[in-house]
**Q** 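My structure is below; once you've seen it, I'll send some questions.
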Amino acid sequence: MSSAQENAALLLEAKDLSIAYGKKDTVAGVSLSLAPGEVLSLVGESGSGKTSVIRAILGCLGGGGRIKGGSVLFDGQELSTLSEAEGRQLRGRDISMIFQDTGAMLNPVRTIGSQFVEYILLHTHSIKTKEGARERAITLLSRMNLPDPAGILSSYTFELSGGMRQRVGIAMALAFHPKLLLADEPTAALDVTTQAQIVAELLRIVRESKTAMILVTHNIGVAACVSDKILVLSGGEPVEYGAAAEILRAPKAAYTKKLLAAVPVLGGERYV
Amino acid sequence: MSEEKGVILAVRDLVKEFPMADGRRLRAVDHVSFEARKGETLAIVGESGCGKSTLVKTIMNLHGPTSGEILFHGEDTTKLTGEGLRQHYRTMQMVFQDPAAAFDPKMHVEDILAEPLENFGLLKAGEKRKTVEALLRQVELPRDFADRYPHNMSGGQRQRVAIARALALRPEIIVCDEATSALDVSVQDSIVRLLVRLQKETGVTYLFICHDLALVSLFAHRVVVMYLGCVMELLDGAELSAARHPYTKALLASVFPVDAAGAIPKTIPGDIPSPLDRPAGCPFQSRCDCAEKRCQEQRPELREVSSGHFVACHFA
């Protein structure tokens, strides 16, 4: 395949992306690319700029953050040239995001159903009535293996367990078959058994609907199990980028080696 | 009797219930018994809501038990009051998950580390700085950290200060409640190595609360696995692969391998039931593959299946 053809097939391409908060540069020189349906993990320690990168792609850097340089091409469009209205069209439909705790994303004094229905009506013209949107929400929740979807729609976020809330968040993010899903530490707040359930379900749905995903995680094990590609970040700079299998088998950068060596493994060498 | 095999802490048939507004009682710890020996790391493992934090708070005497005994060197600490209790706190110290929340943000590290000693009148005049610097050296921090504020440090450095504060009174037991779970893996690794080194030097006993079995498999001498307030299994940290309880096996299976060929772990479905709605019989029956009629009727007792290995399962 020639490089022109390869580029045409790419869903997302970031080149030399740098991000600054105020006068402080936090991310520099990040380049990455993603084909439709591919899964890329951003790994690194806290403060390495993982979240800033995906927030920049979504165009919602908080706290005075801005893209300082570089380009982000999504589906052939340069994201920085989009108007506010065009950006809104893209976000939530073609690009959507899930967060560490869906309970914090949703309004605690409104039912999940009212927010889910509102979200569906805002983003699509094909469903016009509340009843229609409700039905759609129920279908989406059942796809996430949630028991009693109607009951969940009439619940408040605090009435659900962390795992159930996270399934709701994923169902909402995948409501319109986005081309790109950005997942920011989606399992970091969950118990280990729930984490394994959610990762399996997330990956199943992403594969089924051929959605590309960028997963931000500090759990190297999770990244290893789901990724096609891995980008290792440290202090806002890319350390290593490539096929997941390659990086895990033979890491080149000293930092990656150190990171991989620090992951506790069952049956590893004991310290006592 | 309880001094046998160097046992310094014995928990006997401990129950802790909390009254609810509607008159029901939430049983967070349900007839838990175990012993901790001098110089060992006893890991207490389980998912959120399994009662591990309530258990250690009861052991720390931060609240009284509903019933049961906590014997420290053979003496029931739940009966202590007043000055006796205050002096007892010297022997047990705690390290919390979020060291940023554990310190007064307006205190210098020097004052943070000296405070426990001053509380017990253990600091000689003019020796504050020297003592603080010695404590910092123990946790591998430079001397000038004494002049810093908590917000001027990274998470790992703060956790080192928290460990230094816990060490200040030379306690016999340090309780670490998820002490490394907020840290990055490489920092977590260095903190665990530090804890192991300090244990070898001082002979302190750790009660290490954690939900990561892979982590505790690296340094725990013994592991207590809890579910819904009950002890499910108690075994050697080096023998985790020989676990026989279905819940322990599920926890082990939930660990993601760091391996590109690694399949996503197959784990148990569902969530932990509400402690207000406890099933009769085995607490784990609703998520267990091998549950039978007997599991619904009869709660399995914790019994010894091989030397030092206890399991509460009808089938183990």
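Residue numbers begin at 1 in each chain, while the letters A, B, ... track the order of the sequences. None of the values given here were measured: they were computed from a predicted structure.
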**Q** Just give me the residue among S241(B), S48(B), P265(B), A250(B) that pairs up with chain A most often, heavy atom to heavy atom, under 4.5 Å.
**A**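 Top count of heavy-atom pairs under 4.5 Å with chain A: S48(B).
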**Q** Go through the atoms of A238(B) and report whether side chain, backbone, both or neither lie under 4.5 Å from a heavy atom of chain A.
**A**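 It is both, since atoms from each part get that close.
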**Q** How long is the straight-line distance from OG1 of T193(A) back to CD1 of I272(B), given to the nearest 0.5 Å?
**A**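 Atom-to-atom, I272(B):CD1 and T193(A):OG1 are 8.5 Å apart.
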**Q** Quick one: does any side-chain atom of D191(A) pair with a main-chain N or O of E47(B) as donor and acceptor, under 3.5 Å?
**A**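 No; zero donor-acceptor contacts below 3.5 Å.
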**Q** Where on L252(B) is there a heavy atom nearer than 4.5 Å to chain A: the side chain, the backbone, both, or neither?
**A**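 Both the backbone and the side chain of L252(B) come within 4.5 Å of chain A.
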**Q** Please set out all donor-acceptor pairs under 3.5 angstrom arising from side-chain atoms of residues 250-264 of chain A, sequence neighbours excluded.
**A**
unit_1: T256(A); atom_1: OG1; unit_2: E240(A); atom_2: OE1; d: 2.7

**Q** Does any heavy atom of chain A fall under 4.5 Å from the side chain of K266(B), the backbone, both, or neither of them?
**A**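 It is neither, since no heavy atom gets under 4.5 Å.
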**Q** So how far is it from I264(B) CD1 to C225(A) SG, rounded to the nearest 0.5 Å?
**A**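 The SG atom of C225(A) is 6.0 Å from CD1 of I264(B), to the nearest 0.5 Å.
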**Q** Measuring heavy-atom distances to chain A, does T267(B) have an atom under 4.5 Å in its side chain, in its backbone, in both, or in neither?
**A**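 The side chain, not the backbone.
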**Q** By number, which residues in residues 179-197 of chain B have some heavy atom less than 4.5 Å away from chain A?
**A**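 D184(B), V185(B), S186(B), Q188(B), D189(B), V192(B), R193(B), V196(B) fall under the 4.5 Å cut-off.
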**Q** Please report the interatomic distance CG(L190(A)) to CG(D271(B)), rounded to the nearest 0.5 Å.
**A**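 So the gap between those two atoms works out to 9.5 Å.
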**Q** What heavy-atom pair brings H221(B) and R270(A) nearest, and what distance separates the two atoms?
**A**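 The pair with the smallest heavy-atom distance is CA-NH2, 4.2 Å.
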**Q** With side chains defined as the heavy atoms from C-beta onward, is the minimum distance between L248(A) and V258(B) less than 4.5 Å?
**A**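 Yes, close enough: below the 4.5 Å cut-off.
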**Q** Checking heavy atoms, do the side chain of I247(A), its backbone, both or neither come under 4.5 Å from chain B?
**A**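 Interface part for I247(A): neither.
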